[in-house]
Amino acid sequence: TGSGSGTVETNGTFQIGDGTQSGNVTAGFVTNNGVVRFNAANDISFSSVIVGDGVVDKEGVNVVTLPVANFYTNITTIDGGALRPTHPQALGTADAGTLIHNPPTARLELIGGLTLTEPLVLNQKQSAAGNVPGILNVSSVNTLAGPIELVTGGSYWIVHSDAGRL
């Protein structure tokens, strides 16, 4: 847990949690020229603005909510757990897109009537993982307006809506 504003240097990593510890950060903004990694054991809402040309990476099994517009220009990767944007520009600029890897818990969750123009890359899940989605519409009508690339290497792609429409 911490507060303030900061800079992640080139080749540096700012990591929230180690997968076993709870954590949260309150900052005005983070200038990211390296990697901002979310890996807390608890669900968090990260309301700091992220700017710069670094990568944003989601790991672990928790849910990270991004409620504000972010202005980073590099890729967003989801390696585990859920990344839940609640602002149309929460995933940064649409320059590099968002990559959803194939671990069973890795997913993009949508709520709140969003229209995302972000390019998405969705990797296939393995059949041993069960029927788990890579993209999950949790509520409301949400729109994926950018290109979606489907990558093979598993058994299936699942895009699912629990409520509302996608």
Side-chain angles (χ1 to χ4, degrees), residues 8 10 13-17 25 27-40 43-125 129 132-154 156-166:
V8 181
T10 302
T13 299
F14 173 63
Q15 180 165 307
I16 300 171
V25 172
F29 65 92
V30 175
T31 301
N32 179 21
N33 297 313
V35 176
V36 170
R37 179 168 295 131
F38 298 103
N39 194 19
D43 294 348
I44 64 171
S45 180
F46 190 77
S47 58
S48 304
V49 175
I50 304 170
V51 299
D53 61 3
V55 171
V56 172
D57 180 47
K58 168 65 185 81
E59 295 189 5
V61 296
N62 68 328
V63 176
V64 173
T65 301
L66 299 175
V68 298
N70 290 300
F71 301 97
Y72 60 92
T73 58
N74 210 327
I75 194 165
T76 304
T77 59
I78 304 173
D79 295 305
L83 192 58
R84 183 183 287 175
T86 58
H87 188 284
Q89 286 81 43
L91 300 175
T93 67
D95 296 341
T98 295
L99 173 60
I100 305 160
H101 287 283
N102 71 350
T105 63
R107 67 194 179 279
L108 177 65
E109 288 189 356
L110 303 171
I111 66 171
L114 292 177
T115 296
L116 294 179
T117 59
E118 182 90 4
L120 300 175
V121 177
L122 179 59
N123 282 271
Q124 282 185 323
K125 302 283 184 172
V132 293
I135 300 173
L136 177 62
N137 192 69
V138 177
S139 67
S140 299
V141 174
N142 296 288
T143 304
L144 299 174
I148 300 174
E149 178 183 346
L150 301 175
V151 178
T152 61
Y156 59 88
W157 300 280
I158 291 183
V159 176
H160 181 80
S161 183
D162 281 347
R165 273 193 337 252
L166 180 61

Go through the structure and list residues passing side-chain hydrogen bond (donor to acceptor under 3.5 Å, both in side chains) with [X], not counting sequence neighbours.
{"X": "Thr93", "value": "Asp95"}
{"X": "Thr77", "value": "Asp57"}
{"X": "Asn62", "value": "Lys58"}
{"X": "Lys125", "value": "none"}

Item to check | Beyond-backbone contact of Ser140 with Leu110, side-chain heavy atoms, under 4.5 angstrom | outcome: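 They are not in side-chain contact.
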Item to check | Note, Leu91 side chain near Leu83 side chain (heavy atom, < 4.5 Å) | outcome: yes
Checklist entry - Applying ring pair (Phe, Tyr, Trp, His ring centres under 6.0 Å), which residue pairs with at least one partner in residues 46-87 are found, sequence neighbours left out? => result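 Pairs touching residues 46-87 that pass the test: Phe38-Phe46.
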Checklist entry - Who are the side chain to side chain contact (heavy atoms under 4.5 Å, CB included) partners of Val159, not counting sequence neighbours? => result Leu122, Ile135, Leu166
What closest approach, in Å, do [X] and [Y] show between heavy atoms, and which atom pair accounts for it?
{"X": "Asp43", "Y": "Val63", "answer": "OD1-N, 2.8 Å"}
{"X": "Pro67", "Y": "Ser45", "answer": "CG-OG, 3.6 Å"}
{"X": "Ala106", "Y": "Ile78", "answer": "CB-O, 3.6 Å"}
{"X": "Gly153", "Y": "Gln124", "answer": "N-OE1, 3.0 Å"}
{"X": "Pro88", "Y": "Thr115", "answer": "CB-O, 3.7 Å"}
{"X": "Ala163", "Y": "Val138", "answer": "CB-O, 3.5 Å"}

Item to check | Single hit among Val132, Asn123, Val151 for side-chain contact (heavy atoms from CB on, under 4.5 Å) with Asn102 | outcome: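 Single pass found, and it is Asn123.
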Gap separating the [atom1] atom of [X] from the [atom2] atom of [Y], nearest 0.5 angstrom:
{"X": "Leu136", "Y": "Ser161", "atom1": "CG", "atom2": "OG", "result": "7.5 Å"}
{"X": "Thr76", "Y": "Ile100", "atom1": "OG1", "atom2": "CD1", "result": "10.0 Å"}
{"X": "Thr98", "Y": "Ile75", "atom1": "OG1", "atom2": "CD1", "result": "7.0 Å"}
{"X": "Leu66", "Y": "Ser47", "atom1": "CG", "atom2": "OG", "result": "10.0 Å"}

Checklist entry - What pairs of residues pass the side-chain hydrogen bond (donor to acceptor under 3.5 Å, both in side chains) test when at least one of them lies in residues 141-154, not counting sequence neighbours? => result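 The answer is Asn137-Asn142.
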Quick check: does any side chain N or O of [X] sit under 3.5 Å from a backbone N or O of [Y], one acting as donor and the other as acceptor?
{"X": "Asn74", "Y": "Val56", "answer": "no"}
{"X": "Asn70", "Y": "Ile50", "answer": "yes"}
{"X": "Asp53", "Y": "Thr73", "answer": "no"}
{"X": "Asn33", "Y": "Gly54", "answer": "no"}

Item to check | Contact list for residues 100-109, test salt bridge (Lys or Arg N to Asp or Glu O under 4.0 Å), sequence neighbours left out | outcome: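 Residue pairs passing salt bridge (Lys or Arg N to Asp or Glu O under 4.0 Å), neighbours aside: Arg84-Glu109, Arg107-Glu109.
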Item to check | Listed once per pair and sorted, the salt bridge (Lys or Arg N to Asp or Glu O under 4.0 Å) pairs that draw on residues 157-166, sequence neighbours left out | outcome: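 Those involving residues 157-166 do not exist here.
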Next on the checklist: Under the rule for salt bridge (Lys or Arg N to Asp or Glu O under 4.0 Å), what residues qualify as partners of Glu118, not counting sequence neighbours?
Outcome noted: none
